[in-house]
Amino acid sequence: MSSISVGQQRVLSGMRPTGPLHLGHYHGVLKNWAQMQHEYECFFMVADWHALTTNYDDTSQIEGYVWDTVIDWLAAGINPSASTIFVQSRVPEHAELHLLMSMTTPLGWLERVPTYKEQQEKLQNKDLSTYGFLGYPLLQAADILVYRAGNVPVGADQVPHVEMTREAARRFNHFYGKEPGFEEKVTQAIKKMGKKNAKLYKSLRKKFQEEGDHSALETAQALVESQANISLNDRERLYGYLDGAGKVILPEPKALLTPVSKMPGLDGQKMSKSYGNAISMREPRESVEQKIRKMPTDPARVRRDDPGDPENCPVWEFHKIYSPDEVKDWVKKGCTTAGIGCVECKQPVIDGVCAEQQQFVERAQEYVDSPEIVRNIVSEGCDRARDAAKETMDDVRQAMGLSYK
Ligand code: TRP
Ligand code: SF4
């Protein structure tokens, strides 16, 4: 397979390690990742360097948070034999690509990314006028491009980062996409296809370039695709020669927008650890019960016999996720007629959340009991990630004229 089609099949995503994950992470992100691992070649990364961009002043928690994050991914059903789970700082190629791209990326691009100003305003108590924080999106671009990932599942807030990644890749390819001696190398590559195929390739290329015949281009691409004994680099040269684009060193990824999570927090706002409205994925049962019992309900229901409206109640949002239709019907009817009380209404939610948590706890058990299993999973993931990243960096260095020894 060519690296172009490898890239389209490849997924990379990441999360900063901020401690145990909550139900918002599960319903908003992890469920989606678990689904994708069967459809794509997935790389899931703990972005510990990204965590440092805002938490550089205290790094004492970071290691524990990295393992918490990985265990919760495993608990959510991310399967280490289907996906590559790894830690960013253990693949130094990210840093190298970040540095090299920092040479070509205009400052204005970074200053204009919306999260830059937003986060600085939101986290007023921190000094975020640092070099590392400004570079956050470029480091993210390197995370993606170093795997030539075609797809990046992210929430809407991250889309500008993927957009900037595309621009950074385009600019990079523009500067370095023409490798020295390209014509000669591609001539050699054409020869390697054998006489008959070489002739066909040349005539299809001519048809496309002189007559704009797109079906000729497609046929030629399929011909390149079908060559079994050609190296990845030659294959890319053959593709690049067809459409005149040279060699695509860093293909542009696209964002796969994660559907907005239906999971609000206990108070109806977005679930977030910093708002104190979260239930973690493996929270003890008593604590789950206590939190849900304390949840606010429709303010119209002051007394037991005041009717309410589920649409004004955060508990209803939980029913939408956890309850089957019969229970939802029971809630709608009971709430609007004051037929049920809020305490009663919350019970199926408590049971639903606890049943879901049970599977997380069960899946996590062996990892909690034997942390070395987690270390091994991550170690293997890092090796795999590094192999993939190295391939890209060889090409990047070569394209930039930096592969001297
Ligand atoms: N910035 C992302 C977030 O805060 C985390 C992240 C780092 C990431 N590198 C990435 C996401 C690469 C996708 C791809 O959620
Ligand atoms: Fe909310 Fe249920 Fe109470 Fe209605 S009955 S206000 S849906 S908790």
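Atoms considered below: every heavy atom in the structure, side chains included; atoms not considered: hydrogens, waters and symmetry mates. Counting starts at 1 for both ligands and their atoms, in listed order.
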Counting only N and O atoms by type, is there a donor-acceptor contact under 3.5 Å from the side chain of Asp234 to the main-chain atoms of Ser231? no
Which ligand 1 atoms are under 4.0 Å away from a heavy-atom of Ala47? 7 (C)
When the ring planes of His50 and Tyr136 are compared, do they come out parallel, tilted or perpendicular, using 30° and 60° as the limits? tilted
State whether the shortest distance between N or O atoms of Ser13 and N or O atoms of ligand 1 falls below 3.5 angstrom. no
Determine whether the side chain, the backbone, both or neither of Val152 has a heavy atom under 4.0 Å from any heavy atom of ligand 1. side chain
Between Tyr322 and Glu356: side-chain donor-acceptor atoms closer than 3.5 Å: yes
Backbone N or O of Ser102 within a donor-acceptor pair of the Thr105 side chain at under 3.5 Å? no
Counting non-hydrogen protein atoms only, what is the nearest one to atom 5 (C) of ligand 1? Give residue, atom name and distance. Gly14 O, 3.6 Å
Side chains of Glu63 and Trp67: any donor to acceptor distance under 3.5 Å? yes
Cut-off 3.5 Å, side chains only: do Lys192 and Asn229 have a donor facing an acceptor? no
Show me which atoms of ligand 1 lie under 4.0 Å from any heavy atom of Leu12. 12 (C), 14 (C)
Which heavy atom in Arg301 sits nearest to a heavy atom in Cys335, and how many Å separate them? NH1-CA, 4.1 Å
Note: Gln88, heavy atoms under 4.0 Å from ligand 1, region reported as neither
Pick one: which of Arg397, Gln398, Lys390 meets side chain to side chain donor-acceptor pair (under 3.5 Å) with Asp394? Arg397
Looking only at protein heavy atoms, identify the closest one to atom 8 (C) of ligand 1 and say how far it is in Å. Gln140 NE2, 3.5 Å
Distance-only donor-acceptor check, side chains Gln119 and Thr115, under 3.5 Å: no
Look at the rings of Trp49 and His94 and say which category their plane angle falls in: under 30° parallel, 30 to 60° tilted, over 60° perpendicular. perpendicular
Leaving waters out, which protein N, O or S atoms fall under 2.8 Å from atom 3 (Fe) of ligand 2? Cys342 SG
Check: Glu39/Gln35 side-chain N/O donor and acceptor closer than 3.5 Å: yes
Per-atom contacts, ligand 1 versus Val154 - under 4.0 Å to a heavy atom: 13 (C)
Heavy atom of the protein closest to atom 7 (C) of ligand 1 (residue, atom name, distance): His50 ND1, 3.3 Å
Would you name the heavy atoms of Phe172 and Met101 that are closest together and state the gap between them? CD1-CG, 4.3 Å
So which heavy atom in the protein is nearest atom 2 (C) of ligand 1, and how far is it from that ligand atom? Gln158 OE1, 3.3 Å
Please could you name the atoms of ligand 1 that Arg16 approaches to less than 4.0 Å, counting only its heavy atoms? 4 (O)
In ligand 1, the atoms that come under 4.0 Å of a heavy atom of Met45 are 7 (C), 9 (N), 10 (C)
among protein heavy atoms, the one nearest atom 1 (N) of ligand 1 is Tyr136 OH, 2.7 Å
Nearest protein heavy atom to atom 9 (N) of ligand 1, by residue and atom, and its distance? Asp143 OD2, 2.7 Å
Could you list the residues that satisfy side-chain contact (heavy atoms from CB on, under 4.5 Å) with Lys320, not counting sequence neighbours? Glu311, Trp316, Glu317
